[in-house]
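Side-chain atoms are counted along with the backbone in the values below, which use heavy atoms only and exclude waters and symmetry mates. As the structure lists them, so they are numbered: ligands from 1, and atoms in each ligand from 1.
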Amino acid sequence: MSHAPIKPPVITLTAGPVQGYPAVLEAMARPMGYDFDPSFQAFYEETALKCAAALRWPDPALIIQAEPAVAIEAMAASVISKKDVVLNLASGVYGKGFGYWSARYHKEMVEIEVPYNEAIDPQAVRDAFAARPDISIVSVVHHDTPSGTINPVVEIGRIAKENGALLLVDAVSSFGGMDIHPEDCHADVFITGPGKCLGGTPGVTFIAVSPAAWEHMVANPDSPTASILSLLDWKDAWSREKPFPFTPSVAEISGLAAAIDIYLDEGPETVWRRHALTAEACRRGVTAMGCDLWAAREEIASPTTTAVRVPEGLSDTAIIASAREQFGVILSLGRGDTLGKLLRIGHMGCTAEPIYAVVAITALGGAIRALGGRADVSAGVEAALDVIGNATA
Ligand SMILES: *Cc1c(COP(=O)(O)O)cnc(C)c1O
C-alpha cells in the first residue's frame with residue numbers, strides 16, 4: 001500500500017518535543033565519539049559539569065541515556081524501596097502516572113489529587129504529613145504539561161524537608177523555561193531533559209541527585225543495577241576516570257552540550273523572560289479572541305505551555321487538523337485525562353519568542369472560525385501585540 005506524501009509542518013508550536021535550535025542539530029551531526037576514547041570521555045565529563053552549572057547544582061549531573069519518561073521510571077525503581085511511604089501529588093496526567101510506577105516499589109502510597117486545571121495546595125501537603133508522619137518520599141511534577149499548570153514546588157519542597165522526606169521532582173517541561181533549580185525546591189532528585197525548554201532533542205535526560213538520595217538508593221536492596229532502570233549504574237560515569245556501564249547516546253550528548261551552551265550563553269534570566277512574555281501574549285490573545293484558558297487561575301498557568309479549553313461544540317482534533325492544513329502550524333492536543341478537553345500552544349526553547357504567540361493565535365483562531373466556531377482573531381492579535389509592545393517599550 002502506498003501513501004500520499006505528507007507535507008511537513010511550516011511551524012511547530014507543540015508542547016514537546018519542540019523544534020530544536022539549529023546549533024543543536026549541527027552538534028549532533030559531529031563525528032561519532034568512541035566511548036573508550038579519552039577525548040569523548042573528557043567531553044562527556046565537561047557536559048555533565050555544564051549541565052550542573054545550568055542546574056546550579058554542586059555535583060556533576062547524572063546523565064541517563066534515554067528520554068525523560070524512562071529516567072522517571074528509573075527514578076521510581078531506583079529510589080523507592082519496600083520500606084517507603086510515598087506521598088504522590090497529582091495535579092495532572094504525569095503526576096497521576098508517577099503513582100502507578102511508584103506502586104511497583106513502595107510499601108504504601110498516600111495521594112493528593114486535585115482537578116487537572118488546579119495546582120497542589122501546600123497546606124494539603126502539610127496536612128498529609130500531620131496525618132502520616134511516616135511519609136518518607138514526596139513526588140511532584142513541577143509543570144504537568146498535559147494541563148499547562150504549575151505546582152508550587154518551592155513551598156512543597158520546604159515542607160518535605162521540614163518533615164525529613166526525600167523530594168522527587170519532574171521538572172522536564174519547566175527547567176530552562178523559568179526560574180527553578182533543584183536547590184530552590186530542596187529536591188533530592190530533580191529530573192529534566194533538553195527536549196523541551198532547552199530546545200534540544202528528547203532522547204537524553206539529566207538529573208540532579210542529592211547525597212541523601214544516593215544513600216537511599218545504595219541502601220535499597222532492590223535498586224536495580226545492570227538495567228535500563230538503574231540510576232546507580234551511571235552514578236560515576238560522569239568522570240573521565242570511570243568507564244561507562246554501556247554505550248552512551250553519543251550524538252545526543254553532543255546535542256545536550258550545545259543546548260546547554262545556548263541557554264548559558266544567552267543568559268538564563270533572558271531565556272526565562274522570553275518564555276514568560278510569549279506565554280503572556282498567548283494568554284491575552286486567547287482570551288481577547290473569546291476563548292477560555294484551561295488553568296483555573298492565571299497564576300498557575302505555565303510560562304512554557306498555554307492550555308486553551310476546547311470551544312463548546314467543536315472537536316479538538318478537527319481544530320488541530322484545520323490549523324495544520326490551512327497554515328502548516330502544529331499545536332498539541334491534550335493527553336490522557338485532558339485529551340478532548342484542551343488544546344496546547346507550546347512556547348519552549350526557540351519557539352519561546354513573542355512573535356510565535358501571534359502565529360499561534362492566528363492559527364488557532366483561524367481554525368476555530370473555519371470550523372464554524374467564533375473567534376475574534378483580530379482582537380486576539382491586537383491583544384498579543386499590546387503585551388509585546390508594552391514589554392519592549
Ligand atoms: C515531556 C515530559 C516528560 C517526558 O516524557 P517523554 O515521553 O520522555 O517525552 C516527563 N514529564 C513531563 C512533565 C513532561 O512534560
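Under a 4.0 Å heavy-atom criterion, D144 is not in contact with ligand 1.
Of all protein heavy atoms, the one lying nearest to atom 12 (C) of ligand 1 is D170 OD2, 3.4 Å. The nearest protein atom to atom 1 (C) of ligand 1, hydrogens excluded, is given as K196 NZ, 1.3 Å; this is a heavy-atom distance. In terms of protein heavy atoms, atom 5 (O) of ligand 1 is closest to Y94 OH, 3.6 Å.
With a heavy-atom cut-off of 4.0 Å, A69 touches ligand 1 through backbone and side chain alike. By the criterion of a heavy-atom distance under 4.0 Å, neither the backbone nor the side chain of V70 is placed next to ligand 1.
Listed by number with element, the atoms of ligand 1 under 4.0 angstrom from any heavy atom of S173 are 13 (C), 15 (O). Counting atoms of ligand 1 from 1 in the listed order, those under 4.0 Å from a heavy atom of T145 are 12 (C), 13 (C), 14 (C), 15 (O). Atoms of ligand 1 found under 4.0 Å from any heavy atom of V141 (numbered from 1 in listed order, with element): 13 (C).
For the salt bridge (Lys or Arg N to Asp or Glu O under 4.0 Å) with D222, the lone residue among K107, K82, K83 that qualifies is K82. In summary, of the residues considered (F244, F206, F36, Y34), a ring pair (Phe, Tyr, Trp, His ring centres under 6.0 Å) with Y44 occurs for F244 alone.
Residue Q326 qualifies as enclosed at atom CD: its count of foreign heavy atoms under 6.0 Å is above 12.
Defined by atom type and a distance below 3.5 Å, a donor-acceptor pair is missing between the side-chain atoms of E118 and T149. Between H216 and D84, the side chains place a donor N or O and an acceptor N or O closer than 3.5 Å (distance only, hydrogens not considered). Judged purely by distance below 3.5 Å, without hydrogens or angles, the side chains of N151 and S91 pair a donor atom with an acceptor atom.
A171 approaches F190 most closely through the heavy-atom pair CB-CZ, 3.4 Å.
For atom 8 (O) of ligand 1, the nearest non-hydrogen atom from the set R335, H143, E67 comes from E67.
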